[in-house]
2 protein chains.
Amino acid sequence: MTKSADKNGKTRIQREKRKQILEAALDVFSQFGYRGSTIDQIAKAAGLSKPNLLYYFPSKDAIHAELLSGLMDSWLDPMRALNADGDPKEEILSYVRRKLQMSRDFPRESRLFANEIIQGAPRILPAIEGELRDLVAEKSAIIQGWINTGRIAPLDPQHLLFSIWSLTQHYADFEVQVRAIMPSEERVYPRAEEHLETLFTRMLSV
Amino acid sequence: MTKSADKNGKTRIQREKRKQILEAALDVFSQFGYRGSTIDQIAKAAGLSKPNLLYYFPSKDAIHAELLSGLMDSWLDPMRALNADGDPKEEILSYVRRKLQMSRDFPRESRLFANEIIQGAPRILPAIEGELRDLVAEKSAIIQGWINTGRIAPLDPQHLLFSIWSLTQHYADFEVQVRAIMPSEERVYPRAEEHLETLFTRMLSV
DNA sequence: GTCTATACAAAGATAGAC
DNA sequence: GTCTATCTTTGTATAGAC
């Protein structure tokens with residue numbers, strides 16, 4: 001036994017190369033979108049030749065699909081953590097903070113999704129209509145419960161979730177614009193966090 | 001005088017054809033992004049052949065550039081209307097309403113910009129660093145003035161503007177996602193307006 | 001596993017007939 | 001002004017040597 005392949009038939013080397021390619025592909029796809037990106041660009045970014053890259057992935061589409069499906073899960077984690085038994089205001093504020101951290105720490109992932117959704121979500125509509133939709137229904141119910149018992153001020157729960165997404169993702173998706181307007185401001189995120197904390201505190205107070 | 005060309009050397013027919021092409025191009029570019037769109041697609045959408053379209057515009061790039069520059073101006077109108085002498089809370093709420101109307105009435109334009117900015121604003125960075133930046137500086141100063149005189153609750157004015165943009169544009173840019181989550185809800189915009197009105201009223205109250 | 005060479009298709013743009 | 005035909009470039013993907 002010289003190759004010690006795992007159950008998927010992949011050697012360690014193969015798994016590492018694939019990871020390295022996905023990392024480069026994330027760089028490229030998140031900036032130029034699917035159609036705007038070329039295999040050559042990705043290969044160059046990964047330090048490989050084009051045919052060599054295609055030895056590890058069957059096609060450009062396969063790379064993109066794997067990126068998207070791999071991300072969908074972790075992308076929803078901050079929302080999954082919203083806990084019905086916690087303190088309502090603190091739960092929502094924590095969610096906002098986690099989501100803002102995602103924008104700060106994973107801006108490329110955010111832009112990959114944004115590109116996909118703006119262009120009509122051709123590749124992830126099923127996941128949106130499934131997983132995401134169910135999760136939103138579940139968490140909306142929790143929020144509505146908090147409103148009904150008077151623990152937070154009344155608000156449309158679904159639109160509240162949209163507000164959280166848009167306010168936080170904006171800093172990743174429109175980063176170029178934010179930076180163009182605040183070029184001297186290196187502390188964008190600490191300021192943003194403060195701002196959103198103020199905003200949601202006022203929004204939720206009965 | 002048979003052709004009655006205007007000062008730009010364009011006949012009426014030419015202006016109308018160009019308009020018709022731009023309309024089709026907006027459809028296509030806003031959905032697929034610059035690279036994802038083809039001249040063929042645009043030509044077909046405009047009811048023309050590819051070479052015929054290229055009789056009216058020198059290149060794909062020229063069409064895209066004209067769309068963007070033509071839109072930049074009207075896109076900033078809602079912000080320009082923010083009036084230092086009006087009632088602060090009403091001024092900001094009106095701005096939010098105007099911006100939400102833009103998302104409702106011109107979602108393609110919103111997505112055209114979003115595509116451009118997410119991808120690093122390769123073609124409109126100068127306008128963002130110029131016009132937009134200046135306008136933000138001017139309006140931030142007005143908002144700061146309102147805060148200083150205690151007419152609205154304290155907030156970071158620049159981040160407040162970002163919040164207004166993100167909350168309103170979300171309904172156009174992520175329309176597919178919104179619709180996937182609220183498929184039965186045909187009254188998205190009236191609800192959104194109510195929600196944002198509530199949100200900003202609480203946010204600005206001293 | 002990695003490379004060079006190449007097949008093949010799509011897309012931007014032009015030539016020239018009508 | 002509009003069309004058919006064509007040129008050229010770019011980009012996806014494969015063949016086959018090493």
Side-chain angles (χ1 to χ4, degrees), chain A residues 1-6 8-25 27-68 115 119 122-123, chain B residues 1-6 8-25 27-68 115 119 122-123:
Chain A
M1 181 153 132
T2 51
K3 280 198 160 180
S4 70
D6 66 15
N8 295 321
K10 305 277 167 59
T11 67
R12 187 182 52 81
I13 287 259
Q14 275 175 324
R15 268 182 280 114
E16 280 174 5
K17 283 270 181 184
R18 283 173 61 90
K19 221 172 142 184
Q20 170 187 340
I21 290 168
L22 288 173
E23 167 66 22
D27 254 0
V28 177
F29 280 136
S30 67
Q31 179 167 7
F32 303 105
Y34 180 76
R35 285 284 311 266
S37 306
T38 70
I39 295 183
D40 244 341
Q41 270 180 299
I42 298 171
K44 207 156 288 174
L48 272 74
S49 70
K50 184 160 55 170
N52 195 188
L53 180 149
L54 288 168
Y55 171 77
Y56 292 99
F57 285 91
S59 68
K60 174 181 171 180
D61 203 76
I63 306 174
H64 192 252
E66 184 147 333
L67 267 183
L68 274 183
N115 262 313
Q119 303 193 7
R123 294 159 228 273
Chain B
M1 183 156 129
T2 51
K3 280 198 158 179
S4 69
D6 65 13
N8 295 320
K10 305 276 168 57
T11 65
R12 186 181 53 81
I13 287 260
Q14 275 175 326
R15 268 180 280 115
E16 279 175 4
K17 282 268 181 185
R18 284 172 61 91
K19 219 171 142 186
Q20 170 187 340
I21 290 168
L22 287 172
E23 167 65 22
D27 254 0
V28 177
F29 280 137
S30 67
Q31 178 167 7
F32 302 103
Y34 179 76
R35 286 283 313 263
S37 305
T38 71
I39 295 183
D40 247 340
Q41 269 180 300
I42 299 170
K44 208 156 288 175
L48 273 73
S49 70
K50 182 160 59 167
N52 195 188
L53 180 150
L54 288 168
Y55 171 78
Y56 292 98
F57 286 91
S59 69
K60 174 181 172 180
D61 202 76
I63 306 175
H64 192 252
E66 183 147 333
L67 265 184
L68 274 183
N115 262 312
Q119 304 194 4
R123 293 157 229 274

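Residue numbering restarts at 1 for every chain, and letters A, B, ... go by the order of the sequence lines.
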Below 4.0 Å: OP1/OP2 of dG1(D) and any side-chain N or O of Thr11(B): yes
Nearest-Å distance for atom pair OH/P, residues Tyr34(A) and dG11(D): 13 Å
Rounded distance in Å - CZ (Phe32(B)) to P (dA10(C)): 16 Å
Nearest-angstrom distance from the residue atom CD1 of Ile13(A) to P of dG1(C): 6 Å
Short side-chain to backbone donor-acceptor contact, Gln31(A) and Val28(A), under 3.5 Å: no
Leu53(A) CG to dC3(C) C1', straight-line distance once rounded to whole Å: 14 Å
Options dG11(D), dA13(D), dA5(D), nucleotide nearest the side-chain atoms of Thr38(A): dG11(D)
Value rounded to 0.5 Å, distance of CD1 in Ile39(B) from OG in Ser49(B): 11.5 Å
Ser49(A) vs dC3(C): side-chain N/O to OP1/OP2 distance below 4.0 Å: yes
Nearest-neighbour nucleotide for the Gln14(A) side chain, dG1(D), dG12(C), dG1(C) considered: dG1(C)
Nucleotide dG1(D), atom P - distance to CZ of Arg18(B) in whole Å: 12 Å
Asn52(A) side-chain N/O to dC3(C) phosphate OP1/OP2 under 4.0 Å: yes
Minimum-distance nucleotide (side-chain atoms of Pro51(B) versus dG1(D), dA15(C), dT2(C)): dA15(C)
Cation-pi check, Lys60(A) onto Phe29(A) ring (under 6.0 Å, within 45° of axis): no
Length of the NZ-P vector between Lys60(B) and dA13(C), whole Å: 8 Å
Nearest-Å distance for atom pair CD1/C1', residues Ile21(B) and dT2(D): 12 Å
N or O in side chain of Arg35(B) less than 4.0 angstrom from dA11(C) OP1/OP2: no
Among dA5(C), dG1(C), dA15(C), the one nearest Tyr56(A) by side-chain distance: dG1(C)
Tyr55(A) vs dT2(C): side-chain N/O to OP1/OP2 distance below 4.0 Å: no
Sugar-phosphate, base or nothing in reach of Lys50(B), heavy atoms under 4.0 Å: base
Geometric cation-pi criterion Arg35(B) and Phe32(A), 6.0 Å radius, 45° cone: no
Given dC3(C), dT2(C), dC3(D), the nucleotide with the shortest approach to the side chain of Lys17(A): dT2(C)
Sugar-phosphate, base or nothing in reach of Ile39(B), heavy atoms under 4.0 Å: sugar-phosphate
Atom-to-atom span, CD of Gln20(B) to P of dG1(D) - whole angstrom: 13 Å
Spacing of Glu23(A) atom CD and Ile42(A) atom CD1 [to the nearest 0.5 Å]: 12.0 Å
